[in-house]
Engineer: 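Have a look at the structure that comes next, please.
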Amino acid sequence: MRYGAFCGIMGRMSLRWLGNTEAAEGCNIGNLALTVPLLERAGVAEIIDRHLQPDARCKESPGKVLSLLIAARLHRPTPISRVGEWAVETGADIMFNIDADTLNDDRIGRALDALFEHRHSILGSIAVRVAREFGIPLNELHYDPTHVTFYGEYKSSEPRPDALAGDALAGGGGMTDGLAAADITTGRRIDGVRKISKIVHAGLCFAADEHGGVPIFAHVQSGNENGMTGIADHQALLGEQIPINGTVMISDAGTYSIQHVKRSLADGMDIICAIPKKQARALYEKHVSTLDWSEASYRSIEQQRRRDSRSLLPLEHHELAEIQHELYDRESKSRIPCRLIFVLGTAGKKAAEEARQKNVRRVRKNLEALRESVAKGCRNTDEQSIQRRAVTASGGGQASKYFSWQIIPLGKDEFAALPTPKPGKRRPTHRFEYAYDATVADRDAKCDGISAILTTLPLESSSTDETFTKYKRQAHSELANHQLKTPIAISPIFLHKPKRIEALVFILTIALMIYYLVQHEYRRNLPPTASSKQRRTTTETLFRAFGVYLLIVYPSRLGQIITPSRLRSTQRQILQDLNLPPPAVVLSRYLPKQTT
């Protein structure tokens, strides 16, 4: 602190040095001041205990133990073996009124085992409670899968039955009961994942509105299943837990198939789904001359900020064009009416053009180097070797199709006219030539930035612009998957049983639900006069405001006396905006009041 600032403080107050050490201790509960009452309001422990039998070996209910585990992931991701230590250090044992000695990895493991048997029904019940309690609409759901990486053998992991949809798992208590754990396997190739790694896919369902979105449901599928299988399984499980009739399911191109469209319509759901790039391009080239374009009202948060500042460039936007479309069902030999919306993104168009030019320059440079190398007699110059080198030089990407090459044998006169090769070189027997076809590149350029989404929503219920805006909320689920792997820290996972691993994924989904519920509830309760910046407030910002909040613990003859520290004005306002009680009220519900 600078001297002037120190003098200013001294001028406002009189400081004294006491010198003695107090016996009181402080626990920094931090964001537990938010998450504990929010977990209580969402009924997490209550719902878990309603589904699970109490553990006779522990006085603490499974709901309380697992609720504390959820709070731990939101506060500071901690290995399960150290949750008890974390609870003592942070005061979580006080906030949950739980004996920290019971929070060993064996107790938590047994709770996860019990959760596994009813994981879908528990998550569905919490979702219905949250939707009702916090005003979360369930008429617009977004599905997006992500992968979870594992290392090790996992020999106890086994493949599931071939299909989950329909009546494959309906028996006894329904699909939730008796559903095996997902197979942890190497699966299909994914960017950024080592070939030796084992994975499962976690499909996340996100309810979205103008205030953002909240994860409401999840399922785990084996690592070797694709997005089309994933969304089929997801809808089958979702429909058993949450009423989905009249809901719009929104997903990306990896989930698109005519079976997905048929299944959704049969379940009383409409869809908004991106279609694969090749299909989008073929349809665009067929209809491009008849399309009528209009600018979309949707703006990303970054583009909103650029327009608010009026100084940041570039200003990007999307243009939309719609046509009536039909899907032909070969099985029933019938046609399914739908709408096809073409999307032209100016940012995507620029990025595609820049990438093409960069790749063309790279391929041209490589082919020119190969031509010179062959002419100088460097390396092997026989036809097979040159052919192999040309394939390597072109790279096999999209830019390679813009180039053609030929390997021409040298005639006797040409061969004789060659100069004596330098040491380490040899006389070439062939000549390598290449050419660039600009017409093919220009044809591809016409499709730059073009994508397409298909919807079964009727135009009178959702305009072209409204449908596109709903689809772009898919970014909420993509961000949620990112949050699942960073602040909530799904990786690394150190459990060895596939059942416990899958149960932990569901615990993390509930943690993610609470994480997004914080910001959604805050934005929902803002007054109409709130600024656009306030309406973009995130959970991270709200948690940061509670970075320091203490419980003071005083020793006494009768036990410990707990006193919450005074809330700062910012902290008090956040709790009011979230309709949550302060920590003093939470503690007063189960701690006896100290009398003088």
Side-chain angles (χ1 to χ4, degrees), residues 39 42-52 62-63 66-67 70 112 114-145 160-161 163-182 201-208 213-221 229-251 255 260 263-264 266-271 477 480 499 502-514 516-517:
L39 283 163
V44 173
E46 172 193 340
I47 291 171
I48 292 175
D49 287 337
R50 195 163 65 231
H51 285 80
L52 306 184
L66 294 176
S67 292
I70 292 167
L112 290 173
L115 174 73
F116 172 82
E117 301 300 333
H118 303 277
R119 59 200 183 281
H120 296 104
S121 56
I122 288 173
L123 185 57
S125 299
I126 294 173
V128 172
R129 166 74 175 263
V130 164
R132 182 179 65 250
E133 179 71 20
F134 297 92
I136 307 294
L138 299 179
N139 58 351
E140 181 185 321
L141 302 180
H142 296 256
Y143 172 80
D144 190 48
R160 270 179 176 165
L164 305 189
D167 298 327
L169 298 174
M175 292 187 187
T176 300
D177 299 328
L179 179 59
H201 296 285
L204 196 66
C205 194
F206 213 88
V214 177
I216 63 160
F217 198 72
H219 90 291
V220 181
Q221 64 179 124
T229 304
I231 198 166
D233 296 347
H234 190 87
Q235 285 185 199
L237 294 165
L238 178 68
E240 191 170 281
Q241 306 301 333
I242 298 173
I244 58 176
N245 191 285
T247 295
V248 181
M249 179 64 78
I250 303 168
S251 57
T255 65
H260 170 51
R263 182 175 52 250
S264 299
D267 290 340
M269 301 176 67
D270 282 300
I271 71 158
S477 58
K499 287 186 177 182
E502 188 159 327
L504 183 59
V505 172
F506 276 75
I507 286 294
L508 297 177
T509 301
I510 299 172
L512 197 66
M513 182 190 297
I514 299 300
Y516 274 89
L517 197 57

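Remember, predicted model here, so these are calculated numbers, not experimental data.
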Engineer: Would the distance check show the side chain of Thr247 and the main-chain N or O of Leu138 forming a donor-acceptor pair, the cut-off being under 3.5 Å?
Structural biologist: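 Yes, because the side chain of Thr247 sits within donor-acceptor range (under 3.5 Å) of the backbone of Leu138.
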
Engineer: Leu237 and His219: which non-hydrogen atoms are nearest, and at how many Å?
Structural biologist: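 Shortest heavy-atom contact: CD1-CB, 3.7 Å.
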
Engineer: Could you walk me through whether Glu117 and Lys499 pass side chain to side chain contact (heavy atoms under 4.5 Å, CB included), step by step?
Structural biologist: CA-CA 9 Å; Glu117 301 300 333; Lys499 287 186 177 182; 3.8 Å; yes

Engineer: Can you give me the closest heavy-atom contact between Gly124 and Ile242, atom names plus distance?
Structural biologist: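 Smallest interatomic distance, heavy atoms only, reads O-CG1, 4.3 Å.
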
Engineer: If you apply the rule side chain to side chain contact (heavy atoms under 4.5 Å, CB included), what do you find for Thr509 with Met513, and how did you get there?
Structural biologist: CA-CA 6 Å; Thr509 301; Met513 182 190 297; 5.6 Å; no

Engineer: Mind checking whether Met249 and Ile231 have side chains closer than 4.5 Å, heavy atoms only?
Structural biologist: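 Contact flag for Met249/Ile231 side chains = yes.
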
Engineer: Between Gly63 and Ile48, what is the shortest heavy-atom contact and its length?
Structural biologist: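 Closest approach of Gly63 to Ile48, heavy atoms only: CA-CG2, 3.7 Å.
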
Engineer: Among Leu517, Ile514, Ile216, which one satisfies side chain to side chain contact (heavy atoms under 4.5 Å, CB included) with Val130?
Structural biologist: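 One option only clears the test, and that one is Leu517.
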
Engineer: Roughly how far apart are Met269 CE and Leu238 CG, rounded to 0.5 Å?
Structural biologist: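 Output value for this atom pair is 6.5 Å.
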
Engineer: Considering non-hydrogen atoms only, spot the tightest contact between Ser251 and His260 and give its length.
Structural biologist: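 Result for this residue pair: OG-NE2, 4.0 Å.
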
Engineer: Taking the inter-plane angle between the rings of Phe217 and His234 on a 0 to 90° scale, is it parallel (under 30°), tilted (30 to 60°) or perpendicular (over 60°)?
Structural biologist: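 If you compare the ring of Phe217 with that of His234, the planes turn out perpendicular.
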
Engineer: Examine distances only and state if a side-chain atom of Arg119 and a backbone atom of Phe116 form a donor-acceptor pair shorter than 3.5 Å.
Structural biologist: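 Answer holds: yes.
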
Engineer: With rounding to the nearest 0.5 Å, note down the distance linking CD1 in Ile126 to CZ in Phe506.
Structural biologist: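 Taking CD1 in Ile126 and CZ in Phe506, the distance rounds to 11.0 Å.
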
Engineer: Leu52 and His118: side chain to side chain contact (heavy atoms under 4.5 Å, CB included), yes or no, with the steps?
Structural biologist: CA-CA 8 Å; Leu52 306 184; His118 303 277; 3.7 Å; yes

Engineer: Do any N or O atoms from the side chain of His51 and from the backbone of Ile47 form a donor-acceptor pair under 3.5 angstrom?
Structural biologist: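 Side chain of His51 to backbone of Ile47, a donor-acceptor pair under 3.5 Å: yes, one is there.
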
Engineer: In this structure, which one of Leu66, Ile70, Leu115 forms a side chain to side chain contact (heavy atoms under 4.5 Å, CB included) with Ile510?
Structural biologist: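 Considering Leu66, Ile70, Leu115, a side chain to side chain contact (heavy atoms under 4.5 Å, CB included) with Ile510 is found only for Ile70.
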
Engineer: CG/Leu141 to CG/Leu204 distance, rounded to the nearest 0.5 angstrom?
Structural biologist: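 CG of Leu204 is found 11.0 Å from CG of Leu141.
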
Engineer: Run Thr255 and Tyr143 through side chain to side chain contact (heavy atoms under 4.5 Å, CB included) and show every step you take.
Structural biologist: CA-CA 9 Å; Thr255 65; Tyr143 172 80; 3.9 Å; yes

Engineer: Would you say the side chain of Ser264 lies within less than 4.5 Å of the side chain of Asp270, judging by non-hydrogen atoms?
Structural biologist: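 No. Closest side-chain heavy atoms not under 4.5 Å.
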
Engineer: Taking the side chain as every heavy atom from C-beta outward, state whether Phe206 and Ile250 have any pair of such atoms under 4.5 Å apart.
Structural biologist: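 Phe206 vs Ile250: side chains apart.
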
Engineer: Is there a donor-acceptor contact under 3.5 Å from the side chain of Glu502 to the main chain of Ala182?
Structural biologist: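 Yes; at least one donor-acceptor contact below 3.5 Å.
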
Engineer: Just how far is it from atom CZ of Arg50 to atom OG of Ser121, taken to the nearest 0.5 Å?
Structural biologist: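 Here the interatomic distance stands at 10.0 Å.
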
Engineer: Which heavy atom in Gly135 sits nearest to a heavy atom in Pro137, and how many Å separate them?
Structural biologist: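 That closest heavy-atom pairing would be O-CD, 3.4 Å.
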
